[in-house]
Colleague: 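So that we are looking at the same thing, I have put the structure below in structure tokens.
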There are 2 protein chains.
Amino acid sequence: MSDRTRSPLSIPLPRPRYGARPTMKDVAARAGVGLKTVSRVVNGEPGVTAETEHRVQEAITALGFRRNDSARVLRKGRTASIGLVLEDLADPFYAPLNRAVEEVARDHGALLINGSSAEDPARERELVLALCARRVDGLVVVPAGDDHRYLEPETAAGLATVFVDRPGGLTAADTVLSDNFGGAREGVAHLIAHGHRRIGFIGDQPRIHTATERLRGYRAAMAAAGLPVDESWVSLGPTSPDRVRAETERILTGRPSPVTALFTGNNRVTATAVRVLARFPRPVALVGFDDLELADLLTPAVTVIAQDAAQLGRTAADLLFRRLEGDDSAPQRVELPTRLIVRGSGELRPAPGTAL
Amino acid sequence: MSDRTRSPLSIPLPRPRYGARPTMKDVAARAGVGLKTVSRVVNGEPGVTAETEHRVQEAITALGFRRNDSARVLRKGRTASIGLVLEDLADPFYAPLNRAVEEVARDHGALLINGSSAEDPARERELVLALCARRVDGLVVVPAGDDHRYLEPETAAGLATVFVDRPGGLTAADTVLSDNFGGAREGVAHLIAHGHRRIGFIGDQPRIHTATERLRGYRAAMAAAGLPVDESWVSLGPTSPDRVRAETERILTGRPSPVTALFTGNNRVTATAVRVLARFPRPVALVGFDDLELADLLTPAVTVIAQDAAQLGRTAADLLFRRLEGDDSAPQRVELPTRLIVRGSGELRPAPGTAL
DNA sequence: CTGAAAGCGCTTACAG
DNA sequence: CTGAAAGCGCTTACAG
């Protein structure tokens with residue numbers, strides 16, 4: 001066996017991790033100084049002569065030393081990291097929220113650990129507790145469940161928590177929401193103003209706060225116009241394309257007098273409804289909650305109630321860091337406005353004689 | 001002052017974090033057992049009588065104890081967390097990749113720390129090194145820069161790294177890419193097959209590997225068909241809507257013989273080009289790299305070369321965990337196929353007489 | 001079945 | 001300006 005064959009020492013071992021890394025102790029030994037002096041140089045603390053500093057720097061470079069923040073965190077008590085739990089990192093609504101939280105964290109020198117609850121309260125809890133075990137300094141949560149008593153020992157110990165997009169089950173926490181009720185009411189009123197009297201509503205599962213708030217806005221707009229709501233026009237449930245497609249078709253073809261317009265409760269519902277409408281024999285007006293990329297290019301272009309997902313994330317993260325900096329004023333509830341974007345689909349009028 | 005006024009003790013203090021939390025030592029004291037026994041119960045290790053375990057559990061509940069994983073990590077050497085650095089968490093292409101990496105991490109009991117490089121090599125480096133300082137077990141990186149020598153001390157110490165979407169500047173690392181060259185070649189060949197001879201190409205900045213690979217595919221398809229490329233038809237640069245809009249208009253109106261078709265180099269370019277084409281006086285064929293939501297509903301629907309972002313993420317994360325489990329075979333380079341999705345915009349033929 | 005001691009790699013509080 | 005000692009909250013290796 002030559003020297004170039006695999007050494008018997010490379011038999012599958014678990015990879016060495018920390019053991020293989022130089023520590024401050026190694027740097028100190030090589031530079032011939034004390035541990036604390038290395039710490040001073042690494043952290044840019046004053047009180048080291050240029051010559052000593054130079055020797056330490058040289059040892060750091062030679063050894064490839066990089067401070068182990070895990071150890072630092074243990075001693076300092078702050079991890080300089082925050083957690084974000086939301087429904088789905090891949091969702092076009094939540095992705096910009098995620099990015100916005102990241103930017104704020106970055107501005108504060110913190111890292112972001114995040115994950116998807118997949119709308120499962122048990123998974124949310126598991127993820128949140130894992131983040132707590134890592135001792136994140138704070139938590140931004142889009143709650144999937146409504147019982148957050150499991151967080152009480154954490155908040156009691158000083159964990160800052162902000163709920164965003166939906167309220168959580170913890171009265172002491174800050175909350176940042178969109179005006180779901182007002183936005184939906186405005187969108188439905190917009191359809192009514194264009195002559196519609198029979199309007200369908202397709203939304204997310206009723207245990208989701210935004211779904212019921214938007215439904216409430218729908219009902220308020222209908223009531224304000226003195227219009228009755230036939231319960232067969234209303235459908236809450238999972239936003240899977242299959243269900244939304246089936247429900248859209250059911251509501252559009254309802255007998256004896258089908259709806260002439262549709263209000264869709266979020267981006268996923270709208271995307272599927274638009275596909276059904278594209279193949280539907282008669283025109284149906286549509287206003288959707290949440291904006292969609294390319295919505296302006298469809299025929300007709302899609303009128304929406306837009307919320308600002310990035311602003312939701314930014315506001316929540318700002319609040320969180322304010323708490324981390326010591327603000328202990330009463331918990332806040334911030335509500336961000338929505339915006340009606342008129343593009344065409346919401347301004348279609350009912351065919352003559354069909355709106356009665 | 002009554003008891004209900006604010007106590008002078010609540011004068012703005014930095015929030016207590018760990019200090020306020022019970023430790024295993026506290027639990028041991030309350031349960032009247034040794035520290036190691038608490039550790040056994042918390043970690044579900046065998047060798048504790050039911051009665052002792054019960055006492056410990058009770059103390060845990062009463063104190064609201066939750067194990068501090070920061071301390072655990074320091075001792076064990078593994079953090080059970082991985083890092084992901086990509087261009088933009090909010091981008092509809094990267095968001096599903098992010099989610100896919102998260103799912104794999106979750107399957108392996110690891111948390112995900114992630115962040116956006118914003119296509120800035122310095123920011124990428126800063127983020128990656130912060131993740132290394134936290135001692136993530138592994139790293140998935142969409143590189144913004146091409147010099148990753150700064151990672152060498154880390155990989156030497158055992159850090160596993162996988163580059164995804166683009167190759168990195170570290171030959172020892174695994175790499176997962178889409179077939180950018182082949183996909184673009186196929187898309188352009190598709191346009192040629194529909195009668196086009198003058199085809200424009202608008203892509204991302206030339207320092208980005210995917211941009212130049214796709215351009216190479218364009219040139220290969222043109223060359224294979226014996227078609228000359230007028231360099232005024234080709235534009236690489238930032239994907240900001242302003243630049244892409246201006247370049248699209250320039251290329252479409254080029255004198256004396258403007259292009260009859262366009263190949264767009266990624267999702268952001270396509271979204272802007274589609275907007276220009278929608279208002280353009282004559283029809284122009286289009287094939288875009290990357291699929292877009294609602295692309296099937298535009299008029300004409302957009303023909304694309306789709307890559308599977310989730311599969312890129314999944315493959316990269318799978319590779320990473322295989323390395324973490326001890327696989328020390330030679331670095332792999334995986335190339336995933338792209339898929340032509342025919343929808344209409346890519347099958348428009350040049351107006352009679354314009355294709356010469 | 002149970003626990004005391006040492007140690008992970010840093011920072012803190014002190015002393016010189 | 002510099003450094004030795006103690007300690008953050010766990011796990012490891014060992015002894016009883």
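Here is the naming used below: chain letters follow the sequence lines, and residue numbers restart at 1 for every chain.
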Colleague: For D:dA13, what is the paired nucleotide under Watson-Crick or G-U wobble rules, both distances under 3.5 Å?
Modeller: none
Colleague: Can you name the closest pair of heavy atoms from B:Y94 and B:D165 and give their distance?
Modeller: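 Nearest pair, atom of B:Y94 first, then B:D165: OH-OD2, 2.8 Å.
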Colleague: Quick check: on DNA chain D, is the nucleotide nearest A:R75 upstream (toward 5') of the one nearest B:F65, or the reverse? Name the residue that is more 5'.
Modeller: A:R75
Colleague: Measure from the side-chain N and O atoms of B:R55 to the backbone N and O of B:A31, and report whether any donor-acceptor pair falls under 3.5 Å.
Modeller: yes
Colleague: Suppose we call a contact any N or O donor and acceptor under 3.5 Å apart; does that hold for the side chain of A:R40 and the base of D:dG3?
Modeller: yes
Colleague: Check whether any side-chain N or O of B:R134 sits under 3.5 Å from a backbone N or O of A:D69 as a donor-acceptor pair, and report yes or no.
Modeller: no
Colleague: Give the nucleotide from the list D:dT2, D:dC10, D:dT12 with an atom nearest to the side chain of B:K36.
Modeller: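 Nearest to the side chain of B:K36 among the choices is D:dT12.
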Colleague: Of the options D:dC10, C:dT11, D:dT2, whose atoms approach the side-chain atoms of A:N43 most closely?
Modeller: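 Comparing D:dC10, C:dT11, D:dT2 against the side chain of A:N43, the answer is C:dT11.
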Colleague: Pick the nucleotide of DNA chain D nearest each of B:D69 and A:G32; which residue has the one closer to the 5' end?
Modeller: A:G32
Colleague: Take atom CG of A:L35 and atom C1' of C:dG9, then tell me their distance rounded to the nearest Å.
Modeller: 8 Å
Colleague: Can you measure B:R72 atom CZ to C:dC10 atom C1' for me and round it to whole angstrom units?
Modeller: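 After rounding, the gap between these two atoms is 20 Å.
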Colleague: Taking a pair as Watson-Crick or G-U wobble with both distances under 3.5 Å, which nucleotide is matched to C:dA4?
Modeller: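 Pair assignment: C:dA4 / none.
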Colleague: What is the distance, rounded to the nearest whole Å, between atom CZ of A:R134 and atom P of D:dC8?
Modeller: 22 Å
Colleague: Which residue in the set A:L84, A:V162, A:L159, A:L320 passes side chain to side chain contact (heavy atoms under 4.5 Å, CB included) when paired with A:L139?
Modeller: A:L159
Colleague: Between C:dT11 atom C1' and A:E45 atom CD, what is the distance in whole Å?
Modeller: 9 Å
Colleague: Which one, D:dT11, C:dC10, D:dT2, comes nearest to the side chain of B:S39?
Modeller: D:dT11
Colleague: Check this one for me: any side-chain N or O of B:T52 less than 4.0 Å away from OP1 or OP2 of C:dT2?
Modeller: yes
Colleague: Does a side-chain N or O of A:N68 approach OP1 or OP2 of C:dC8 to a distance below 4.0 Å, or not?
Modeller: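 The answer is no; no side-chain N or O of A:N68 sits under 4.0 Å from OP1 or OP2.
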Colleague: Rounded to the nearest Å, what distance is computed from the CD1 atom of residue B:I60 to the P atom of nucleotide D:dC10?
Modeller: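 Answer to the nearest Å: 10 Å.
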Colleague: Are any of the side-chain nitrogens in B:E119 or B:R166 under 4.0 Å away from the carboxylate oxygens of its partner?
Modeller: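 Salt bridge flag = yes for B:R166 with B:E119.
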Colleague: Quick one: do the A:H148 and A:E124 side chains pair a donor with an acceptor below 3.5 Å?
Modeller: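 Their side chains do contain a donor-acceptor pair, which is all the 3.5 Å distance test asks for.
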Colleague: Is B:T37 near enough to C:dG3 that one of its side-chain N or O atoms lies under 4.0 angstrom from OP1 or OP2?
Modeller: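 For B:T37, the contact criterion (side-chain N or O under 4.0 Å from OP1 or OP2 of C:dG3) is met.
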Colleague: Please pick, from D:dA6, C:dT2, C:dG3, the nucleotide with the shortest atom-to-atom distance to any side-chain atom of B:V33.
Modeller: C:dG3
Colleague: I need the CZ-P distance between B:R66 and D:dC10, as an integer number of Å.
Modeller: 13 Å
Colleague: What is the distance from CG of B:L74 to P of D:dC10, rounded to the nearest Å?
Modeller: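 Going from CG in B:L74 over to P in D:dC10 covers 12 Å.
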Colleague: Taking NZ from B:K76 and P from D:dC8, how many angstroms apart are they, rounded to a whole number?
Modeller: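 From B:K76 NZ to D:dC8 P: 21 Å.
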Colleague: Indicate whether OP1 or OP2 belonging to D:dG9 is found under 4.0 Å from a side-chain N or O atom of B:S70.
Modeller: no
